[in-house]
There are 2 protein chains.
Amino acid sequence: MIEYSSQPHYLVAVDCIVFGFDGAHLKILLVKRGLEPEINKWSLMGGFVGSNESPDDAANRVLKKMTGLEGVYLEQMQIYGEPKRDPIERTLSVGYFALIDIHKYETQLNDDYKAEWFLIGERPKLIFDHDQMVADARKKLRYKASLHPILFEMLPKQFTLPQLQNLFEEVNDTKIDTRNFSRKITSTGLLIKLEEKDRSSSKKGAFYFKLDKKKYKADFQAFLNLIPNLKN
Amino acid sequence: MIEYSSQPHYLVAVDCIVFGFDGAHLKILLVKRGLEPEINKWSLMGGFVGSNESPDDAANRVLKKMTGLEGVYLEQMQIYGEPKRDPIERTLSVGYFALIDIHKYETQLNDDYKAEWFLIGERPKLIFDHDQMVADARKKLRYKASLHPILFEMLPKQFTLPQLQNLFEEVNDTKIDTRNFSRKITSTGLLIKLEEKDRSSSKKGAFYFKLDKKKYKADFQAFLNLIPNLKN
DNA sequence: TTATTAATTGTCAAAATGACAATTAATAAT
DNA sequence: ATTATTAATTGTCATTTTGACAATTAATAA
């Protein structure tokens with residue numbers, strides 16, 4: 001029997017940076033850690049990779065278990081593998097960022113896990129290297145969202161242009177000219193204008209739009225350029 | 001003593017897809033595997049992650065050991081973690097792609113490892129999921145090189161515009177208009193024209209250029225757009 | 001002197017960009 | 001009923017960038 005004699009073995013985990021958008025601000029979903037060490041401290045949603053699953057499987061499983069959601073937009077970010085990152089035992093963690101529609105989550109809420117949305121700027125300090133993971137995820141989100149239309153994953157089925165622009169502004173931490181943004185986003189052909197208006201945020205009301213899903217899938221790899229003077 | 005009771009532990013490895021450019025064609029560096037199973041089959045350069053190193057450290061160590069080169073451009077790609085990907089024992093592998101100046105390597109060549117450059121289109125079949133890794137690496141290289149000036153990492157200190165254009169064409173598997181390419185690459189301000197000419201490939205000779213390293217470092221995150229009608 | 005070969009350079013119309021503020025649709029106030 | 005207020009929506013223009021196109025140049029070979 002062949003074997004890889006005496007090579008060290010490690011725990012392998014996944015951690016998910018879950019982003020959401022409430023219509024005005026970018027949020028992140030955190031949970032109170034359920035095991036020692038650092039039990040009851042805020043942390044990312046995570047778990048160990050089981051014997052019969054890939055890290056991608058594990059990330060999906062963790063998200064399903066903690067939020068009830070399936071088919072979430074999930075993207076592998078990078079591996080965190082400094083020898084001392086977990087004080088108990090060497091654990092390598094694969095970081096994922098997830099984009100979810102915050103409204104879907106609320107209806108699926110399950111109280112087995114103490115999960116809570118935080119404004120991205122008002123989140124508590126996290127355990128281990130999770131703060132670094134969040135910083136990396138924000139950077140990657142910004143990068144990716146500058147090039148591909150992934151931010152729609154955080155919006156409900158119907159959304160308004162001002163909401164969409166707010167989301168872009170939040171993610172990129174910048175202000176965008178309304179006229180130019182409107183022109184560009186319209187020219188992608190990704191949006192379908194609806195009859196109805198959202199009157200909750202203004203007297204005039206803002207027209208709802210929905211995503212052209214066929215176009216979205218076909219053009220996903222095409223590049224956007226919605227952020228002027230982009231320097232990542 | 002706290003511990004993560006009974007969670008499974010796995011081997012963790014790194015595998016490097018090493019790209020080079022001979023002035024005309026894109027190449028990949030492969031080695032004959034030195035351990036069972038699949039001993040003496042062609043594979044990527046890889047190794048296990050040791051107890052006191054991160055995966056990034058391990059990738060650098062492997063590259064140093066097998067090519068003699070340090071400070072190589074190395075980028076984490078993704079983790080490969082299907083439960084059955086290694087037939088002997090569960091092993092997760094972190095894939096890296098590396099860009100090296102093929103000429104530097106030749107002078108550093110060390111015969112302890114049977115390494116060989118292959119034209120990207122004429123490489124042998126590789127072990128395990130390494131063919132998939134190569135496919136993923138090519139895709140990522142193409143993507144990244146469309147946006148950032150990483151291809152200079154594969155060129156010698158002095159290079160000509162035709163060489164540079166060849167490299168872009170190889171990576172993107174497309175033809176680029178000489179005039180437009182020249183205009184764009186010049187407008188980045190990344191190139192410094194030298195006095196000397198390379199007369200090896202034509203009667204007229206082509207002027208050498210070198211990279212403006214200060215500008216390169218400063219603008220690395222800035223976006224290029226050298227490939228027209230880019231759809232990744 | 002001419003032929004050959006590859007490197008280098010220029011023009012132009014169309015599209016995209018960025019900077020800029022007026023108009024519109026609705027409700028609230030007078 | 002008219003006016004004020006608020007946020008949504010839309011338009012212009014000069015500049016830059018893009019993509020499509022081929023002529024010229026510098027060297028050696030014939």
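Chain letters run A, B, ... following the sequence lines, proteins first and then strands; every chain starts at 1. This structure is a prediction, so every number in the text was calculated from the model and none was measured. Below, all heavy atoms of this structure are taken into account, side chains as well, without hydrogens, waters or symmetry copies.
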Open item on the list: Using ring centroids (six-membered ring only for Trp), state whether A:Phe159 and A:Phe152 fall under 6.0 Å.
Closed with: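 They qualify: ring centres under 6.0 Å apart.
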
Task: Within the 6.0 Å centroid threshold, strictly below: B:Tyr143 and A:His148 - done: yes

- [ ] Tell me which of B:Phe207 and A:Asn180 sits closer to the 5' end of DNA chain C, going by the nucleotide each one is nearest to.
- [x] B:Phe207

Open item on the list: Go nucleotide by nucleotide along DNA chain C from the 5' end; which of A:Lys184 and A:Gly205 gets its closest nucleotide reached first?
Closed with: A:Lys184

Open item on the list: Can you tell me whether the side chain of A:Lys204 and the base of D:dT6 have a donor-acceptor pair closer than 3.5 Å?
Closed with: no

- [ ] Would you mind classifying the nucleic acid contact of A:Thr178 as base, sugar-phosphate or nothing, using non-hydrogen atoms under 4.0 angstrom?
- [x]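 Base contact - A:Thr178 has a heavy atom under 4.0 Å of at least one base atom.
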
Open item on the list: Within the 4.0 Å heavy-atom criterion, would you say A:Arg183 contacts the bases, only the backbone, or no part of the nucleic acid?
Closed with: base

TODO: For residues A:Phe181 and A:Glu169, determine if any side-chain heavy atom of one lies less than 4.5 Å from a side-chain heavy atom of the other.
DONE: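 Heavy-atom side-chain distance check fails, nothing below 4.5 Å.
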
Task: Watson-Crick or G-U counterpart of D:dA30, or none if no pair lies under 3.5 Å - done: C:dT1

Open item on the list: My understanding is that a pair needs two contacts under 3.5 Å, Watson-Crick or G-U wobble. By that rule, which nucleotide pairs with C:dA6?
Closed with: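 Pair assignment: C:dA6 / D:dT25.
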
Task: Euclidean distance, atom CZ of residue A:Phe181 to atom P of D:dT9 [Å, nearest integer] - done: 12 Å

Open item on the list: Nearest 0.5 Å, please: how far is CE in B:Met154 from CG in B:Leu164?
Closed with: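 These two atoms lie 10.5 Å from each other.
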
